[in-house]
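Data first, discussion second: the structure below is written as structure tokens.
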Amino acid sequence: MKLKLSAAALGLSLFMGLAANATHAASPDDAIKARLACMKSHGAVLKLGAPMVKGEKPFDAAALKAAYDAEDKACADWANMWGADTQKGDKAKTDALPEVWSNAKGFADAQAALVAATPKLRAAADAKGFKAALPAFVGACKACHEKFRRPDG
Amino acid sequence: MPKFKTIVKALVPLAVLGLAGFWVLTIPHPLTADQLPKHTADVTNGEKLFHASGCHSCHLPSKDSGLDEASVAGGAPLKTPIGTLYPPNLTPDPETGIGKWSDVDFVNAMQKGIGKDGEHLIPAFPYTSYAHMSTEDVLDIKAYLATLPAVKNAVPQHEVTALPLIRRGLGLWKYVGLKDAKFVNDPAQSASWNRGAYLVNGAGHCAECHTPRTFYMASDDAKFLGGGPHPDGQGKVPSLRDLVGRGKYKDAADLVSAFQDGEAMGYEHLSSGGMGAVQSNLSKLPVEDLNAIAEYLLSLK
């Protein structure tokens, strides 16, 4: 149940992101930092899960659960992290490409793919299940980064 | 002081001479069939080199074509500074693909940058790197392409202003931009290092983006694989030198894992700027080849 709720919360925050693009209280720098923290929280799940998938570490449901909670917390305000004034930060650096805003539908669809892949990954009870659910989740990361993230130098 | 008309009259022969010189200097020089080595094609090797060469990354069909995205039916628009290109159909379809191409047609395209009709090819197609491959490997790729299902897909014309003139002008550019020397093993290095160097500099065409370009748009060899501006105009292409020293990867095994798994194992920078497709291709290579690539790359300080 909790699982469904958090997935719903992610979905809802995405929906609100579409509906209420303009409402954001934080400064552009804060928004950029917040979305970086959200992205990093996704990365933390992968960094934690990778050795488990490879068999280098035992499957640790509790550790993963903590990482999922951190994800939910870091990404809760997703809807307010992408205001039009956050294309460039003052001090904070962003790798977001202008396409995030010029192709808002494509960006929302890419994010929806991640939200859709989340429940299965979180439902995994062992390394095998985690491994099976991983491609859809990671595929969503990759597909979005391919289109909407600036290459790094 | 000579009159204006006299000056013009004097300039006309000069211009004619100039044009004639341009014409002569830009004549394409394709290979002829008798210059090819005798070779029995190895389709399995061809498939490997097909992935190493990243053919699919550019020669895929456009999203709205309704064609199988895994095919190399061509036509997906490729935005470049000179205009939008539509990479051709590489399937064996005789009308819209390369079904009617001879071996020497294929080698000329891959290694001389000369198309079937004798025209200079736009170097968005990285023949400048493929030129370093062995001709046998190139022929193996052709043999592998011939095993793929034929897809009928006539791709649009490139959207480039003054395309015939640009094509002709590429004949001049090739004097600085195309160094068609075959890869030579360095006897001081291991077989694996040499294999890696061969794959990186030939089929892999890493330098096309990871080495910056000179004023003449030729590879700036002094800054070999040192990174540079992204060809799309957004952001930078990272340097491939000193990857361990710069803290990008722990060791060769870490780099190989990045090639195989990319984002799946948290290597999140391997998706942006076109590397997502490159990583997908790399993940299809045998691990010995990936080890070789890692050994070679990590030797670059």
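A quick note: this is a predicted structure, and the numbers were derived from the prediction, not measured. Letters go in sequence order (proteins before strands), and every chain restarts at 1. Note: hydrogens, waters and symmetry copies are ignored here, and every other heavy atom, side chains too, is used.
Interface residues of residues 52-62 of chain A toward chain B, defined by a heavy-atom distance below 4.5 Å and sorted by number: A/Val53, A/Lys54. Contacts with chain A (heavy atom to heavy atom, under 4.5 Å) involve no residue of residues 287-301 of chain B. Residues of residues 124-134 of chain A placed with any heavy atom under 4.5 Å of a heavy atom in chain B are listed by number as A/Leu134.
A donor and an acceptor atom, one from each side chain of B/Ser272 and A/Lys147, are nowhere located under 3.5 Å apart.
Heavy atoms of other residues, nucleotides or ligands lying less than 6.0 angstrom from NZ of A/Lys88 number 12 at most. Crowding of B/Lys179 atom NZ: a count of heavy atoms from other residues, nucleotides or ligands under 6.0 Å exceeding 12.
Between A/Arg149 and B/Glu268 there is a salt bridge, since a side-chain N of the basic residue sits under 4.0 Å from a carboxylate O of the acidic one.
Of all non-hydrogen atoms in B/Gly273 and A/Pro151, the two that sit nearest each other are CA-CB, 3.7 Å. Scanning both residues, A/Ala50 and B/Met265, for their nearest heavy atoms gives CB-SD, 3.0 Å.
Options A/Ala143, A/Pro98, A/Gly139 differ in how many heavy-atom pairs under 4.5 Å they form with chain B, and the most are formed by A/Pro98.
A distance of 7.5 Å separates CG in A/Leu46 from CD in B/Glu263, rounded to the nearest 0.5 Å. Summarising the geometry, atom OH belonging to B/Tyr267 is positioned 14.0 Å from atom NZ belonging to A/Lys142; distances are rounded to the nearest 0.5 Å.
Residues passing the disulfide (SG to SG under 2.5 Å) test with A/Cys38, sequence neighbours excluded: A/Cys75.
Using a 4.5 Å cut-off between heavy atoms, B/His230 touches chain A through its side chain atoms alone.
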